[in-house]
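Data first, discussion second: the structure below is written as structure tokens.
Everything numeric in this text was worked out from a predicted model, so none of it was measured. Just so we're on the same page: letters track the sequence lines, and every chain starts at 1.
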2 protein chains.
Amino acid sequence: MATRIAPLSGFPEWLPGQRIVEQHVLDVLREVFELHGFASVETRSVEPLEQMLRKGEIDKEVYVLRRLQAGEQETGAGDDTARARQLGLHFDLTVPLARYVLENAGHLDFPFRRYQIQKAWRGERPQEGRFREFTQADIDVIGRDTLPFHHEVEVARVMAEALSRLPLPPVVVQVNSRKLIEGYYRGVGVESADAVAGVMRLVDKLDKVGEDVVLRMLSEEIGLSEEQAKACLALTTVSSAEEELAAQVRGLGVSHPLLDEGLDELLRVLQGTASLRSDRVAVVADLSVARGLDYYTGTVFETRMVGFEHLGSICSGGRYDALASDGRATYPGVGISFGVTRTIAPLLSRGLLEASRSTPTCVLVALAAEESREAAAAVASALRGRGVPTEVSPTPAKYGKQIREASRRGIPFVWFPQEDGSHQVRDIRTGEQQDADLAAWVPPAEDLRPSVTGTVATPS
Amino acid sequence: MATRIAPLSGFPEWLPGQRIVEQHVLDVLREVFELHGFASVETRSVEPLEQMLRKGEIDKEVYVLRRLQAGEQETGAGDDTARARQLGLHFDLTVPLARYVLENAGHLDFPFRRYQIQKAWRGERPQEGRFREFTQADIDVIGRDTLPFHHEVEVARVMAEALSRLPLPPVVVQVNSRKLIEGYYRGVGVESADAVAGVMRLVDKLDKVGEDVVLRMLSEEIGLSEEQAKACLALTTVSSAEEELAAQVRGLGVSHPLLDEGLDELLRVLQGTASLRSDRVAVVADLSVARGLDYYTGTVFETRMVGFEHLGSICSGGRYDALASDGRATYPGVGISFGVTRTIAPLLSRGLLEASRSTPTCVLVALAAEESREAAAAVASALRGRGVPTEVSPTPAKYGKQIREASRRGIPFVWFPQEDGSHQVRDIRTGEQQDADLAAWVPPAEDLRPSVTGTVATPS
């Protein structure tokens, strides 16, 4: 059967060795999340289209499903009722979480701590760091009606711990506070909620259009004085570690109770993550981080990977006061989403993340002749009984060939049953071959499973 | 934000405790597959539609994707070129494997041993055991140009070992051989390949239309004599353990070299799995198993779960001589696919598979007052450092309430930091509270992670 083969842009796939790297990353994430008492949830891959289209701006990115042989009424182009029945692939894990929480609220414990590691899909134009199919790893803590602030510190802590245990280049977690920003603007004299949102929107354009244009728009569109507009922009220059943050913000000469509250919370996030900071994970206040401040209501996170800033944020999230609401209760939450594919794809493609072998196999049992296959299988079975991944050689080739085959696949040990019933095992990296006790031999712990190592790219 | 919530028929989702059961099943499968040297592969969720439609008969089941805002040329109804560009969600893991092998043949080692645990989608009408989104766990061994028979024994062994380690009701793995059936038919005097395929197709209707109708069709459509037709049907009555199989088949009085070869292979599969058989996993020859014998070329597998026969086969596969071919090489394979969702969904919904708790958390650190949160976090951190999943109580409620909360969630231990700096830990199942050393305490191994237990349903 001839088959048309073509990689699809935006739908990454890994070779077995690369997949071992990805599995390692997912295993570490799961391990850290579960150590902190987050329970796994998987949601179905699809949601009703009308539900996903609430956030109008992402229309273009949704993949809609259609059964190939569906009747006319199911294709539903244009018809509102039909459209309500249409299903799309989820584009993130937050919309499904909101629906899951509402659907199962009666069966969940609040605060509900869940992690979710799953694929999501967006029909975007593919480029580095942007895929059509990608894996996200989310943690969220969801309260019913209330959610104490300390969970904002907690999710930052959990994700910083996870990042510190991954074999990645150094990362910088940037923290901001919607309360601090809003309090500051109010202290500057921006009065209404609409005006505050307007200022946030315009200040976010700073990188694109420059200071002069933003200052003019703040004056023309929001009606700020020149002094007010300049004060608003001044806040974006604050990016600092814990020690200087308060002094820098206070130095801008603005005061407001909400600013005080936001500053206090931001300091508590920095203090709460202090023990996790290292030369590989920095956690800093960055008051220029915008992260849809409109949607978030408290702490906000973004994360840059050093040398890979062009990817954008690899790990983002924040506090939102209303993930969902069902008339009886409102569900506030705080969460962070780590972009697994976005982060590891460029590292894998540059060879900066590698597995020590492309197979789980630790021992290859050599085969003297096809007739000894059952005896070799018994050896393999004994080793597996002690947790050692083991294969029997597929063919009774010359021993030299069987060793070369193992070597090519990175399998560290070849086992030789001897004619007298004794056993020998050869470390094919050193060539050393020794007697071994089939009832007791185990490999060194570091050889049992493939190991994963990251090489930090020198930023150019 | 109000959200429309509705379960979607055919798209199962689990509560956190049920998800822990599913994770356990997936962990066991991965563990067994990796112990046998199978490497993980994940393929993208989509394949070009034209590729999936090769097997014409499953047209109706494919979900086609469309970007919501795609231009006319991308919707492609009817137009062949546009259709070639259309993508559908994969409906199994075998079509993607074939494409993956061809695409990456130069980077893979053959025989290529891979496992793949992933979701698949079919737009079928949902019913028990049939879902629109479901998880499959496949193992396959793929050769280049040749693949020795012993791999047919091997995959049966690996899957039988996996099944025996899962907390399921008893299962019966039914094995058949395409060679045995074809050899037998040829021995009966069915000459051409077309006629052999025709007999297989008609005999497969036995359950639906009955013996008389099949006998008449064998005569009218294939041209068999009454004696030949009866002989063909006689073979379906053979279902036997290893010891009697050869005698039963020989007793039918038909002989042919291919029959001998198939019988020998079938016996070798039964012998090769003998050590894995138990009161929970039976492996038997069943010569009525049809399993698309047209497609398969050697050993064929199906699996029934006792008391849940209405689900159909929960674990199926076989040997195929041409998974794929690219002009330079042909890739024969043998594989088995375990229907994870099909198997566990009815057990979960009947409460026959349960986790000991609905959270990974093993220890809840009690909180005397909000001011002691940092001290409690330090305790939690010390326990996590020894691999103990730990949470700090979300609020400083009365201790009785914190204990009840832990109890309700199935968390086995509550930790009490004392005012004098010492520590106590309470097993809330027994109520026993003891002094504990923060630097050394670990829970009993069986409490560290949630355990999963299956209750075997009494067949009614």
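- Interface remark: B/Val153 contributes no atoms to any contact with chain A (heavy atom separation under 4.5 Å).
- Remark: side-chain polar atoms of B/His150 are not paired, donor with acceptor, to backbone N or O of A/Glu370 under 3.5 angstrom.
- Contact check for A/Pro360 versus B/Phe33: no side-chain heavy atoms found under the 4.5 Å cut-off.
- With a 4.5 Å cut-off on non-hydrogen atoms, A/Arg114 does not touch chain B at all.
- Counting only heavy atoms from C-beta outward, the side chains of A/Leu68 and B/Leu49 approach each other to under 4.5 Å.
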Would you check, one step at a time, whether the test side-chain contact (heavy atoms from CB on, under 4.5 Å) holds for A/Val46 with B/Leu8?
CA-CA 9 Å; A/Val46 303; B/Leu8 285 175; 3.8 Å; yes
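- When heavy atoms are compared at a cutoff of 4.5 Å, B/Phe134 does not approach chain A at all.
- Taking A/Glu133, A/Glu405, A/His107, A/Lys119 one by one and counting their heavy-atom pairs under 4.5 Å with chain B, the maximum is reached by A/Glu133.
- For the pair B/Ser40 and A/Glu22, the minimum side-chain heavy-atom distance is 4.5 Å or more.
- In this structure, no portion of A/Val32 lies under 4.5 Å from any heavy atom of chain B.
- Of the listed residues (A/Thr359, A/Leu108, A/Thr390), the one with the most heavy-atom contacts under 4.5 Å to chain B is A/Thr390.
- In this structure the side chain of B/Tyr63 reaches within 4.5 angstrom of the side chain of A/Arg67, judged on heavy atoms.
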Output, in order, the C-alpha distance, side-chain angles, deciding distance and verdict of side-chain contact (heavy atoms from CB on, under 4.5 Å) for A/Leu15 and B/Tyr100.
CA-CA 9 Å; A/Leu15 289 168; B/Tyr100 181 91; 4.2 Å; yes
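- When atom types are taken as modelled, the side chain of B/Arg44 and the backbone of A/Phe11 share no donor-acceptor pair closer than 3.5 angstrom.
- No side-chain heavy atom of A/Glu391 sits less than 4.5 Å from a side-chain heavy atom of B/His36.
- The candidate with the highest count of non-hydrogen atom pairs below 4.5 Å against chain A, out of B/Gly143, B/Pro148, B/Pro7, is B/Pro7.
- If you tally non-hydrogen atom pairs under 4.5 Å between each of B/Thr43, B/Val388, B/Val41 and chain A, the highest count goes to B/Thr43.
- Of the two parts of A/Phe38, only the backbone, made up of N, CA, C and O, holds a non-hydrogen atom closer than 4.5 Å to a non-hydrogen atom of chain B.
- Proximity to chain B is absent for every atom of A/Glu161, based on heavy atoms less than 4.5 angstrom apart.
- Contact of B/Gln118 with chain A is made through the side chain alone, with heavy-atom distances under 4.5 Å.
- When heavy atoms are compared at a cutoff of 4.5 Å, B/Glu34 approaches chain A by way of both its backbone and its side chain.
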As a quick check of understanding, evaluate side-chain contact (heavy atoms from CB on, under 4.5 Å) for B/Arg408 and A/Asp109, giving each step before the final call.
CA-CA 9 Å; B/Arg408 202 165 49 78; A/Asp109 297 298; 2.6 Å; yes
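- Contacts between B/Ile411 and chain A at a heavy-atom distance below 4.5 Å are absent for every atom of the residue.
- Interface remark: A/Asp27 contributes side-chain atoms only to the contact with chain B (heavy atom separation under 4.5 Å).
- Contacts between A/Leu89 and chain B at a heavy-atom distance below 4.5 Å involve the side chain alone, from C-beta outward.
- Proximity to chain B is absent for every atom of A/Leu383, based on heavy atoms less than 4.5 angstrom apart.
- Taking OG from A/Ser381 and CG from B/Leu276, the interatomic distance works out to 7.5 Å, rounded to the nearest 0.5 Å.
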The test is side-chain contact (heavy atoms from CB on, under 4.5 Å); show your working for A/Val64 and B/Leu65 and say whether it passes.
CA-CA 6 Å; A/Val64 184; B/Leu65 296 190; over 6 Å; no
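- Comparing B/Arg449, B/Glu47, B/Arg30, B/Arg157 by how many heavy-atom pairs each has under 4.5 Å with chain A, the most go to B/Arg30.
- Of the listed residues (A/Ser45, A/Ala380, A/Ala39), the one with the most heavy-atom contacts under 4.5 Å to chain B is A/Ser45.
- Contact of B/Ile20 with chain A is not made at all, since no heavy-atom distance falls under 4.5 Å.
- Looking only at heavy-atom pairs under 4.5 Å with chain B, the residue among A/Pro16, A/Ser275, A/Gly37, A/Gly272 that has the most is A/Gly37.
- Heavy atoms closer than 4.5 Å to chain A are found in both the backbone and the side chain of B/Pro394.
- Looking at A/Glu31, only its side chain comes within 4.5 Å of chain B, counting heavy atoms on both sides.
- Residue contact with chain B, scored on non-hydrogen atoms closer than 4.5 Å, is absent for A/Gln18.
- Interface remark: A/Arg19 contributes side-chain atoms only to the contact with chain B (heavy atom separation under 4.5 Å).
- Comparing A/His151, A/Glu374, A/Glu154 by heavy-atom pairs within less than 4.5 Å of chain B, the highest count is held by A/Glu374.
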